[in-house]
Undergrad: 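So that we are looking at the same thing, I have put the structure below in structure tokens.
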Amino acid sequence: MMFQKETIEIARKTFDAYDKNKDGVLTASELKPLLQRVAKLLNLPPASDEDINDGMKRLDLNDNKALEFDEFYLFFKEVYQDIKDKS
């Protein structure tokens, strides 16, 4: 349970940091710098615009062309675990 609370807190801080216009959602352009940073941390090639758009389509469960925190969190917890495992 502690891992979940810690992960949610970090995810919220990350989401808020990349939500540049503070509208409560992440657009593809707001998500791009985050995905570039994650790729670097995981020693992966940088995400292309096509990769980002494909990811948005997969993660955007309500098809509003943006990620709410709940949608973002599903992605974040997987990536966060990968980063922790590589540390």
Side-chain angles (χ1 to χ4, degrees):
M1 201 51 102
M2 183 59 133
F3 173 76
Q4 184 177 4
K5 183 178 179 185
E6 172 189 313
T7 306
I8 291 170
E9 289 172 1
I10 294 168
R12 174 51 73 184
K13 287 179 184 176
T14 302
F15 183 91
D16 291 346
Y18 285 90
D19 180 13
K20 296 301 181 192
N21 63 357
K22 305 301 180 204
D23 63 354
V25 296
L26 294 180
T27 61
S29 64
E30 290 172 319
L31 192 60
K32 184 175 183 173
L34 173 60
L35 293 181
Q36 290 172 333
R37 185 166 184 227
V38 167
K40 189 173 186 174
L41 287 170
L42 294 174
N43 294 317
L44 298 171
S48 69
D49 288 343
E50 185 178 339
D51 293 335
I52 292 166
N53 290 333
D54 288 347
M56 286 290 291
K57 287 177 189 171
R58 185 173 55 85
L59 297 168
D60 182 14
L61 302 176
N62 63 2
D63 199 30
N64 68 342
K65 311 297 185 237
L67 299 183
E68 282 83 15
F69 178 74
D70 292 345
E71 295 167 325
F72 171 77
Y73 181 70
L74 296 174
F75 161 75
F76 181 88
K77 67 182 179 179
E78 291 177 31
V79 171
Y80 183 65
Q81 187 60 50
D82 287 346
I83 291 170
K84 284 185 78 160
D85 289 347
K86 289 199 178 220
S87 300

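Sequential numbering from 1 along the given sequence is applied to the chain's residues. All of these numbers come straight from a predicted model, not from anything done at the bench.
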Undergrad: Does K13 make a cation-pi contact with F15 (under 6.0 Å, within 45 degrees of the axis)?
TA: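 So K13 doesn't make the cation-pi contact.
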Undergrad: Tell me the ring pair (Phe, Tyr, Trp, His ring centres under 6.0 Å) pairs involving residues 32-56, sequence neighbours left out?
TA: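 Sorted pair list comes back empty.
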Undergrad: Begin with the C-alpha distance, continue with both residues' side-chain angles, and end with the deciding distance and a verdict on side chain to side chain contact (heavy atoms under 4.5 Å, CB included) for Y73 and I8.
TA: CA-CA 7 Å; Y73 181 70; I8 291 170; 3.5 Å; yes
Undergrad: Check salt bridge (charged side-chain N to carboxylate O under 4.0 Å, His left out) between D16 and all other residues, then give those that pass, not counting sequence neighbours.
TA: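 Here the qualifying residues are R12.
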Undergrad: Quick check: does any side chain N or O of E30 sit under 3.5 Å from a backbone N or O of T27, one acting as donor and the other as acceptor?
TA: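 Yes, because the side chain of E30 sits within donor-acceptor range (under 3.5 Å) of the backbone of T27.
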Undergrad: State the CD1-CD distance between I10 and E6, to the nearest 0.5 angstrom.
TA: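 The distance works out to 4.5 Å.
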Undergrad: Measuring only between side-chain heavy atoms, which start at C-beta, is K65 closer than 4.5 Å to D63?
TA: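 Yes, close enough: below the 4.5 Å cut-off.
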Undergrad: Which of parallel (below 30°), tilted (30 to 60°) and perpendicular (above 60°) describes F76 and F72?
TA: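 Judged by the thresholds at 30° and 60°, the geometry between F76 and F72 is tilted.
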Undergrad: Can you tell me which residue pairs pass the ring pair (Phe, Tyr, Trp, His ring centres under 6.0 Å) test with a partner in residues 23-60, sequence neighbours excluded?
TA: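 Ring pair (Phe, Tyr, Trp, His ring centres under 6.0 Å) check on residues 23-60 returns no pairs.
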Undergrad: Considering all heavy atoms of both residues, which atom of A47 and which atom of L35 are nearest to each other, and what is their separation?
TA: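 The pair with the smallest heavy-atom distance is CB-CB, 4.3 Å.
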Undergrad: Within the distance-only criterion (no hydrogens, no angle test), does the side chain of E71 pair as donor or acceptor with the backbone N or O of V25 below 3.5 angstrom?
TA: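 Checking the backbone N and O of V25 against the side chain of E71, no donor-acceptor pair under 3.5 Å is found.
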Undergrad: Give me the atom names and distance for the closest heavy-atom approach of P45 to A39.
TA: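 Where P45 meets A39 most closely, the heavy atoms are O-CB, 3.5 Å.
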Undergrad: Looking only at atom types and distance, does a side-chain atom of D49 sit under 3.5 Å from a main-chain N or O of N53, one as donor and one as acceptor?
TA: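 Not confirmed, D49 side chain does not pair with N53 backbone.
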Undergrad: Give, for atom OG1 of T14 and atom CG of D19, the distance between the pair rounded to the nearest 0.5 Å.
TA: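 Reported to 0.5 Å precision, the distance equals 12.0 Å.
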Undergrad: Distance-only, no hydrogens or angles: does the D54 side chain make a donor-acceptor pair with backbone N or O of D51 under 3.5 Å?
TA: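 Here the side-chain-to-backbone pair does not exist.
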Undergrad: Do you reckon L74 sits in the same ILVMFWY cluster as V38, going by side-chain contacts under 4.5 Å, direct or chained?
TA: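 No, because L74 and V38 fall into different hydrophobic clusters, even though each may have its own neighbours under 4.5 Å.
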Undergrad: Could you state the interatomic distance from CG (L61) to CD (E68), rounded to the nearest 0.5 Å?
TA: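 One gets 9.0 Å once the value is rounded to the nearest 0.5 Å.
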Undergrad: Is there a path of hydrophobic side-chain contacts, each under 4.5 Å between heavy atoms of I, L, V, M, F, W or Y residues, that connects L44 with I52?
TA: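 Yes, same cluster.
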Undergrad: Can you find a heavy atom in the side chain of Q36 that is under 4.5 Å from one in the side chain of K32?
TA: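 Heavy-atom side-chain distance check passes, below 4.5 Å.
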